[in-house]
Amino acid sequence: MKQADVCVIGAGPGGYVAAIKAAQLGKKVIIVERDKWGGVCLNVGCIPSKALITAAHFYDQLQHADEMGFNVGKTTIDFKKMQVWKSGVVNKLTSGVVQLLKANGCETISGEAQFVSPTDLEVKSSNGGGVERIKATNFIIATGSRPVQIPGFEYDGKTVFNSTDALEQSSLPKRLAVIGGGYIGLEIGSFYQKFGVEVTVIEATKGLLTGVTDPDCAQVIFRKLKKAGVNFLFNAKAVGYKKAGSDLNVIVSVEGKEQKIPCDKILVTVGRKPNSDQLNLQKAGVKIDPKGFIEVNKQLKTNVPHIYAIGDVAGQPMLAHKGMREGIIAAEVIAGKNLVMDVKTIPAVIFTDPEIASAGMMVEEAQSKGFDVGVGQFPYVANGRALTMNSGEGFVKMVVDKKTNVVLGVHIVGAEASQLISEAALAIEMGATAEDIASTIHPHPTLPEMMMEAAEAAFGPPIHIFTRVNRDHATRLPTKSP
Ligand SMILES: Cc1cc2nc3c(=O)[nH]c(=O)nc-3n(C[C@H](O)[C@H](O)[C@H](O)COP(=O)(O)OP(=O)(O)OC[C@H]3O[C@@H](n4cnc5c(N)ncnc54)[C@H](O)[C@@H]3O)c2cc1C
């Protein structure tokens, strides 16, 4: 029987961060992982997807290199070699996680954990080492999530892919049908499209990223993908697929009418469900909600006060940085600090081309909460750095409270939006006003200057674009770039 102050179950971004923090705070920590250290994010999620997206972007830029005066000739893709490079990136990071855990004094155990009581776990070794027991004063459940499967589309890794399969192929299909136009489907679909694959997105709702991101940002992506040749079917329900010889068709019902979508592979990205059903939670007395998420309070405590849950298994949004922050809070609470998870915003990025990044409220959301909403917007085409990067597409939109000019939300579509959004998140967390951002000197020429100018546009005319003031305050519509 092993004993610990804190036993963490699952070594994804939530779990490994929680374990390191708890060890830094002087606790004896054991962390158990049944599969790969680093979890979904490092092995089959954030990192490999972004590696392949970067490779596809690089390939795309090579196709347009002549605009800058390069004659690069015909570029060919060695997808197997690219996968080797991607795996190298993943391995560097995952081995780094194991090193960090060990350096901080955490004991690492490879095996599948299940509760046998509220204070005891049983771990079935992944390396044939049998079963061992762990008794701990506190547990942090960080078991993450897995892809949802829909009827008629059983994952087989050959014809029907989940996101993991799609990131691990060694060759490219000619045609890919993507069921589900959420962020994961769009990110993966986009990089396949850039590598020359014919992509069709089958989406059950009436539009792209409806309710998920700013509609104007979504529109930019929709238009760009459509122009690049991606086919979209909205209000479309994929009901099954038919395979006859080399012919593969997804059967789709669009407003009651059946259509066949010819393809070579099918990627299903319709959401993820929490890994709360393989832990014997009833033995620990831990409650889950109807969707399977473990219920937690603001200190990440479950209904059993010495058992905490963090990350994807503890609810939306299923994002790595949300799990990491929760991991830190849970470890600090266990160490005796009186903290709660109290954030105004969890920023989110969609790594399409161009990227979408957002923090805080969208216009409609702010209006529905009773704010008198003002909007300041600034286009990439009027930013010097964006043009030197050959990336004049997109905008920064700042949502403010007209009464106080406090920043309520920022929504960006454009190159490196992911790198710009943290300034917005900081502003929102600190209750900054648009004037605070506008009067902060931003170095020139850089993309963040657009944040400054969108802030200016929220309360007065910005310098680098001519605007038509259509209200006495705030909302200004850009009419002309310089
Ligand atoms: C294709 C894709 C792209 C993504 N891109 C992004 C992105 O760009 N940015 C972002 O923020 N998020 C992204 N995500 C989401 C992100 O990966 C998750 O939000 C994040 O991994 C959740 O972290 P976690 O620690 O809660 O769980 P996970 O990363 O899921 O880790 C949980 C770990 O627990 C282990 N485990 C489960 N049950 C047991 C058990 N009984 N015993 C022992 N171990 C167990 C699992 O093996 C796993 O390793 C992406 C996801 C996917 C699929």
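Whatever order the structure lists ligands and atoms in, that order sets their numbers, starting from 1.
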Pick one of side chain, backbone, both or neither for how W37 approaches ligand 1, counting any non-hydrogen atom pair under 4.0 Å. neither
Close N or O approach (L167, ligand 1; < 3.5 Å): no
Is ligand 1 less than 4.0 angstrom away from at least one heavy atom of G111? yes
Residue, atom name and distance, where the atom is the protein heavy atom closest to atom 6 (C) of ligand 1: C46 SG, 3.4 Å
Counting only heavy atoms closer than 4.0 Å, does ligand 1 sit against the backbone of I9, its side chain, both, or neither? side chain
Please confirm whether the backbone N or O of G311 pairs with a side-chain atom of E326, one donor and one acceptor, at under 3.5 Å? yes
Of the protein's non-hydrogen atoms, which lies at the shortest distance from atom 49 (O) of ligand 1, and what is that distance? E33 OE1, 2.8 Å
At a 4.0 Å threshold, what atoms of ligand 1 neighbour a non-hydrogen atom of I184? 1 (C), 2 (C), 51 (C), 52 (C), 53 (C)
Looking at atom 20 (C) of ligand 1, what's its closest protein heavy atom, distance included? P13 CG, 3.8 Å
Counting each atom of ligand 1 from 1 as listed, which ones have a heavy atom of G14 under 4.0 Å away? 25 (O)
With a cut-off of 4.0 Å, which atoms of ligand 1 are near a heavy atom of K36? 49 (O)
Side-chain donor-acceptor pair present, Q83, K86, cut-off under 3.5 Å: yes
Quick one: which ligand 1 atoms are inside 4.0 Å of a heavy atom on S145? 30 (O)
M451 and M398, any side-chain heavy atoms less than 4.5 Å apart: yes
Could you check whether any side-chain heavy atom of I307 comes within less than 4.5 Å of a side-chain heavy atom of I294, counting everything from C-beta outward? no
R272 neighbourhood, listing ligand 1 atoms whose heavy-atom distance to it stays under 4.0 Å: 53 (C)
Counting C-beta onward and ignoring hydrogens, is there a side-chain heavy-atom pair between M82 and L52 closer than 4.5 Å? yes
Please list every donor-acceptor pair under 3.5 Å in which a side-chain atom of residues 178-193 meets a protein atom from a residue at least two apart or in another chain.
{"residue": "E187", "atom": "OE1", "partner": "K50", "partner atom": "NZ", "Å": "2.7"}
{"residue": "E187", "atom": "OE2", "partner": "F351", "partner atom": "N", "Å": "2.7"}
{"residue": "S190", "atom": "OG", "partner": "L186", "partner atom": "O", "Å": "2.5"}
{"residue": "Y192", "atom": "OH", "partner": "A166", "partner atom": "O", "Å": "2.7"}
{"residue": "Q193", "atom": "NE2", "partner": "A228", "partner atom": "O", "Å": "3.2"}

Taking the side chain as every heavy atom from C-beta outward, state whether D120 and M1 have any atom pair closer than 4.5 Å. yes
For atom 27 (O) of ligand 1, the protein heavy atom that lies nearest, with its residue and separation: G144 CA, 3.2 Å
What protein heavy atom lies closest to atom 2 (C) of ligand 1? Include the residue and the distance to one decimal. G45 CA, 3.4 Å
Atom 10 (C) of ligand 1: which of A11, A320, G12, G327 has the nearest heavy atom? A320
Per-atom filter on ligand 1: closer than 4.0 angstrom to a heavy atom of L279 are 41 (N)
In ligand 1, which numbered atoms sit nearer than 4.0 Å to a non-hydrogen atom of G311? 26 (O)
Under-4.0 Å heavy-atom contact with ligand 1, by part of A142 that carries it: backbone
Report yes if some N/O of A113 lies less than 3.5 Å from some N/O of ligand 1; otherwise report no. yes
Could you say whether the N/O atoms of D312 and ligand 1 ever approach to under 3.5 Å? yes
How does V313 reach ligand 1, if at all, at less than 4.0 Å between non-hydrogen atoms: by side chain, backbone, both, or neither? neither
Nearest neighbour in protein (non-hydrogen) for atom 29 (O) of ligand 1: V40 N, 3.0 Å
When you compare the side chains of T159 and K243, does any donor N or O come within less than 3.5 Å of an acceptor on the partner? yes
For atom 34 (O) of ligand 1, closest protein heavy-atom neighbour: G10 CA, 3.2 Å
Name the orientation class of the two ring planes belonging to H306 and F139 (parallel below 30°, tilted from 30 to 60°, perpendicular beyond 60°). tilted
pair N162-F153: side-chain heavy atoms closer than 4.5 Å: no
Hey, are the side chains of V399 and M362 touching, using non-hydrogen atoms and a 4.5 Å cut-off? no
Nearest heavy atom to atom 5 (N) of ligand 1: which of K50, R146, E187 does it belong to? K50
Between H321, R34, K124, flag the one that comes closest to atom 36 (N) of ligand 1 by a heavy atom. R34
Against heavy atoms of E112, which atoms of ligand 1 measure under 4.0 Å? 41 (N), 42 (N)
Under the 3.5 angstrom rule, does the side chain of D60 hit a backbone N or O of A56 as a donor-acceptor pair? no
Apply salt bridge (Lys or Arg N to Asp or Glu O under 4.0 Å) to the pair D353 and K194, showing each step before the final yes or no. CA-CA 10 Å; D353 178 16; K194 281 196 170 159; 2.6 Å; yes
Under a heavy-atom criterion of less than 4.0 Å, does Y183 contact ligand 1? yes
If you measure from NZ on K344 to CE on M430, what distance do you get to the nearest 0.5 Å? 9.5 Å
Check: residues 5-31 side-chain donor-acceptor pairs under 3.5 Å, at least two apart:
{"residue": "D5", "atom": "OD2", "partner": "K28", "partner atom": "N", "Å": "2.7"}
{"residue": "K28", "atom": "NZ", "partner": "Q3", "partner atom": "O", "Å": "2.9"}

What's the verdict on side chain to side chain contact (heavy atoms under 4.5 Å, CB included) for T200 and R175, showing C-alpha distance, side-chain angles and the deciding distance? CA-CA 8 Å; T200 301; R175 296 165 303 178; over 6 Å; no
